[in-house]
Amino acid sequence: MSEQVAFQHIEKTSLIGKRIKKPDAPAKATGKTRYINDMVLPQMLYGKILHAGRAHAEIISIDTSEAEKLAGVHLVVTAQDTPELRLGFVKDNAPLKNKIRCERDEVAAVAAESEAIAAAALKLIRVDYKDLPGVYTIEESQREGAPVIQERFPDNKSLKFEFKAGDLAQAEADSDIILDDTFNVHYVTHCCMGTSCAIADFDHNGKLTIYSQTQYPYNYKMDLAPALGIDPGDIRVIQPPTGGSFGAKLDVYPFEPVAAILAQKTGRPVKILFDREEEFINSPTRQPASMHLRTGCTKDGILTFRAADVEMDNGAYTSWGATVPVIMMRTTSGHYRVPVVDFKGQAYYTNNSYAGSFRGYGNVQMTYATAQHMDMLAEKLDMDPIEFRLKNAQKSGEYTPQKSYLRECALAECLTTAAEASDYVAKLGKYTDDRKAQGRYKRGIGLASSIHNAGGAKIHKSDGCGTILKMDDYARVTVITGASEIGQGIDAVIGQIVSEELGVPVEHVTLVNNDSDLGPWDVGVHASRTTFIAGNGARRAAIKAKKQILAAASKQANVTAEELDLRGGFVVQDKDGAVVTKLDKMLRQMHFQPEPDVVMVSDYYEPNSEPEGRDHISDHSAAYSHAVHIAEVVVDTLTGEVKVEKVTMAQDVGRVINRMGLEAQMEGGMAFGLGFALSEEMLFEEGRLQNPNFRDYKVPTAPEMPEIEMHFIESDCEEGPYGAKGIAELPTIVVAPAIANAVYNATGIRFFNPPMTPEKVARAIWEKKNA
Amino acid sequence: MSVKTELEFTINGRPVNIEVPVDMTVLNLLRDMLDLKGTKYACGEGECGACTIEVDGMTINSCLMMAVDLQGREVMTIEGLSKGNALHPMQKSFVDHGAVQCGFCMPGMIIQANYLVKKNPDLTREEMKRGLEGNVCRCTGYTKVLDAVAAVVGLRG
Ligand code: FES
Ligand code: FES
C-alpha cells in the first residue's frame, strides 16, 4: 500500500440521500448466493412432516411400524415421544400434536436419507382419527355449547384488547353524522419465494445450532427452547440468506422444533424444507378480521369519535397474528385527530389456520376501514375532500389519545403534495360526473392515508439493538449488528452510515449479522424499525470509533480532536480538509502509542420510547410517520376487472438515507397491498385450504404493476439517524383503501370486503344496475 | 428404485455425460446432481419462473422438463451467464438499478430478461411486462426490474 499522501485537501461530502447498491446483489444476480434452501451439511438427513389434513379430530391410534421398516428411514416421531413440549404466544401450540385442531397440525415426522424416502415413509404411517364437529367462523365459535378448541380456553376466547378515551355517549350526541359499517378483511399469505426451511444440528454437549429463516434471532432462542425442553443459552441461530420474509418469520413454527427433535434423537443434522403446497397450507396468514367501525363527525367536518369493535378469527393457535389490535387501535385513535375513542378487539379460537405477523401488522386491516370512512364522510359533508382531511389532520407537537407523540408530523404536507401532484380534486369531481355517462370503462381516483410507528415499537421492555464495530490495520471496517437482513437492505444502509461517519468507502465496510453467537441482542426485523434502530446503533458505534481515532491523532498532530475529521481514508483538518495522515497508517500507529490500543467499540441503542403497557397509553415508538397514496383506476364494468394505472405516493420518510433502497421498499410494499386489494385470497372450506398454489392464489405479476410517482417528505426526525424514519410498512398499508376509494369513485359501489376480484366487482355492478 | 439412463448434453458450454433417473426433472438434475443451485425451486409446477433456464436458446421452466429430454441439447443456467466473476450486462444492470432484494427470484428473472432482450433488442416496456409475466417476485414490485431491463435495451438501442 502506498504511504504517499495523494491529496493535500479533502472536501467534506455526504453519502446521505445517495443511491447505494446492495452489497449482496451481485452474488444473488449470478446465482452464487447459497440460500438456506440450497444448503446441504455432511451426514444430513431430510425431515418430513405428516400434517393432519383435517380440521378437528381425535387421534385414536398411530402406527408407525411400516414407516420405520422402510430402508433409509432413521426415525419416526409422534407426540408420544415429545410430551410436555409447548410453543406459541400463549403456549397453546406444540411441535407434534395428540389432538387435531386445524388442517396444519403436525401428527408425525420422519428423518430419512433422502426427501423421496421421507415422503414415501409418511405414506406408510397409519393414523386412525375420530373426526369432531368443527368451528369455522367467529359466529360458530361464540355459540352456546360450541365445540371447545383449546381445553384451557373453554369459552373459545383468545386474546383481548381494549382502549377507551373520552365520553363516547357525549361524542355521539355531538355528532351530526355517524357512519356505521362492518369491514371484513380476508385471509392472505406471505408467499415468500424461498419456501420455509430449517436445518437443525446438535453437538455432543447438547448445544443446538439451528439454521433458520427467522427475522427475530435472539427472541427466537427464547421461543424455541421450551419447545425442546432445553436452555435458550444452548441454542445458536445461524441465518443464511433467505428468500423473503415480510413478517412471516417472527413466530416460531412447529416445523422448526420438529427438525430439532429429529436432529437431537438421530445425532445427525436434519433439514426440513417445504414444497409450495406445504408452504401455502402450513404457513401463517395475515390476521383476518371483522371490523365494526363507527365514525362520528360534526356538520363542520370535525371528527368527534371513532368506535371500533374488532373480532378476529384466531384459528386453532394463538400467534403474533392475534396481537395486531395493538397497532389497529393506534390507527383508530390516530390517523387524524380523534378526541374520543372506543376500541375493542377480541380473538376467537376456531378450527381454521392461524395467522402470523405480516408487513403492515393490523394496520393494513384497520386502515382499509378508517380510510374509507374518511372518504365517505367527505362525500356526505359535500366538503372538499382535502380540506376535510386537513381540518382533522394532526400537526407536529400533538399527542394522540394513546399518547403517541407526533414530534414531527407531516400528514398535511403528504396530503397536499399527493393531491396536487395527481390533480386529485379535479379528477374526483370529473369521474363522479362521468359515472352517470354510458360506457364500459369507468375511471376513478381514490385517496387514503395512515399513520404507522416509524421509530420501532416497544412491545418488549427493550426495543434496542447492539452493535460491535472494529477496524483493522488497513482501515477496513467490520460491523457486527444484531439486526437481520431478510432482503430489505440493511446491509447497504449500515455500510452507508458507517462510511459517512468514518470516511471510508462503502465497499470497505463488512456486515456480520447472521450468527447469534457473534451478534449482540436485537429484537428483530419488524415494525419498520431496522434503519431507525440498527442505523442509529451503527452510527453511534462509528462515532465512538471516530472519537477514539481522532483522540489518538490529535496527540500526534498537536491539535485538539475537535479540529480533526475523517474523510476519504485520511485524517484531515476539519476546517479546510488539509490532510494530516492516512487513516490506515493512523490505525497501525495506535498499536505503538504510549497506551497501545485497537479500534473496537460497542454500542447498545435504546430508542426514546415507552413500553406498550396493558392500558395501551404510552409513546411506544420513538417516531411516527404518515403516508398518502392516491390510486387511479379503470374499472371494466363488464368483466369487473380493476386496473390500477397509477399510484401517487407521498410519505414522511424523515430523511432519505439510501434513495434506491427506499424506492425499492415503496414499490415492493405497494405491490403487497395491491395483491391484498385485488387478487389474493386464501379460500377455506371447513378449515381446509382450497387454493394452495400460484394458479389459484394470484399474486401480482409485472403486467399488473401501475406507474408509480413518489414524493418523499423530509420532516427531519429528531431521534432518527440523520433525521430518518422507518418506512417499509406504510406503502403496504395505504394502497388498498386508496384503490377501494377509487373503485367507489368509478362505480359508486363500496367494497367493504376485499379483495375486489373481477367476479365480485362485476356482480356488485350487475346487482346495482338491477336493483 | 427408479430406472436410469445415460445422457449427453452441454451445460454452460461444457459437455456433460451423466446417468440420471428417468423420472428426474431438469431442475432436480441441476440442483441435486450438478451442484448448479443458482436455479431455484419455488413452486415445481410452472407457475413462478424461479427455475427458468435456457435450452437450445429458448427459455423453459426447468421444473416441468424431464432430464431425459436434454439429450443432445445445449443448456444455459444463471451460472453460465457471467464470465468468471465478471457480471453479464443484464446482471450488472439489475445490481445497479436496485432490482435485487431477497434475490430468490432473480436467477430465473434475469435469464428470462436476457432472453427477451436477445430475441427483441427494441423491447418496449409493455413487452417486457408481458415477457416477465411468468416470473413471480414478491419483494420488488417489478418496477426496478423493468428499469434494469430497460437500461440494457437502451444501451443496445
Ligand atoms: S419452480 Fe418452476 S416455475 Fe416455479
Ligand atoms: S427479490 Fe425477493 S422474490 Fe424477487
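Note that the structure is predicted; figures quoted are calculated from it, not measured. Here is how names work: the chains are called A, B, and so on, in the same order as the sequence lines, proteins then strands, and each is numbered from 1. Because only heavy atoms are used, hydrogens play no part in the values below, and waters and symmetry mates are left out as well, while side chains stay in.
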Taking side chain as C-beta onward, heavy atoms only, is B:M106 less than 4.5 Å from A:T30? no

Against chain A, label B:K40 side chain, backbone, both or neither, depending on which of its atoms sit under 4.5 Å from a heavy atom there. side chain

Select all residues of residues 54-75 of chain B having any heavy atom within less than 4.5 Å of some heavy atom of chain A, and report them by number, or 'none'. none

According to salt bridge (charged side-chain N to carboxylate O under 4.0 Å, His left out), does anything in residues 99-111 of chain B pair up with another residue at least two apart or in another chain? List the pairs. none

Under 4.5 Å heavy-atom distance to chain B, tell me which part of A:F246 shows up: side chain, backbone, both or neither. side chain

Do B:N85 and A:K32 have side-chain N/O donor and acceptor atoms under 3.5 Å apart? yes

Are side-chain heavy atoms of B:T143 and A:E707 found at a separation under 4.5 Å? no

Tell me, for B:D35 versus chain A, whether the close heavy atoms (under 4.5 Å) come from the side chain, the backbone, both or neither. both

When every non-hydrogen atom of B:G141 is compared with those of A:A671, the smallest separation belongs to CA-CB, 3.7 Å

Where does A:N693 contact chain B at under 4.5 Å (heavy atoms): side chain, backbone, both or neither? both

Given a strict heavy-atom distance threshold of 4.5 Å, which part of A:P26 is in contact with chain B: side chain, backbone, both, or neither? both

What residue, out of B:V145, B:L132, B:D96, has the most heavy-atom pairs lying under 4.5 Å from chain A? B:D96

Quick one, B:Y142 and A:P703 - any side-chain contact, counting heavy atoms below 4.5 Å? no

What residue, out of B:I78, B:L146, B:D32, has the most heavy-atom pairs lying under 4.5 Å from chain A? B:I78

Contact part of A:I708 toward chain B, heavy-atom cut-off under 4.5 Å: side chain, backbone, both or neither? side chain

Applying a strict 4.5 Å limit to non-hydrogen atoms, the region of A:M660 in contact with chain B is both

Find the distance between NZ (B:K129) and CD (A:E704) and round it off to the nearest 0.5 Å. 9.5 Å

B:K119 atom NZ, neighbour heavy-atom count above 12 within 6.0 Å: no

What is the distance from atom CD of A:E667 to atom SG of B:C139, rounded to the nearest 0.5 Å? 12.5 Å

Does any heavy atom of chain A fall under 4.5 Å from the side chain of B:R125, the backbone, both, or neither of them? neither

Chain A-proximal positions within residues 41-51 of chain B [heavy-atom distance under 4.5 Å]: B:Y41, B:A42, B:C43, B:E45, B:E47, B:C48

Sidechain-backbone polar pair: B:Q101 side chain, A:A664 backbone, donor-acceptor under 3.5 Å: yes

More than 12 heavy atoms of other residues, nucleotides or ligands under 6.0 Å from NZ of A:K123: yes or no? no

Going by an N to O cut-off under 4.0 Å, is there a salt bridge joining A:E680 and B:R138? yes

If you round to the nearest 0.5 Å, how far is CG of A:D38 from CG of B:L36? 11.5 Å

Option that, when pairs with chain B are counted at under 4.5 Å, heavy atom only, ranks first among A:M666, A:R19, A:E663, A:E277: A:E663

For residues 8-26 of chain B, give me every residue with a non-hydrogen atom less than 4.5 Å from any non-hydrogen atom of chain A. none

Engaged part of B:L81 at the chain A interface, taking heavy atoms whose separation is under 4.5 Å: neither

Using atom types as modelled and distance alone, determine if a side-chain donor or acceptor of A:K28 lies under 3.5 Å from a backbone N or O of B:F104. no

If you define the side chain from C-beta out and look only at heavy atoms, does anything of B:V136 sit under 4.5 Å from A:M193? yes

B:G38, B:C102, B:A99, B:S82: which one forms the most heavy-atom pairs within less than 4.5 Å of chain A? B:C102

I'd like to verify something: which residue of A:G487, A:G243, A:G31 has the highest number of heavy-atom pairs under 4.5 Å with chain B? A:G487

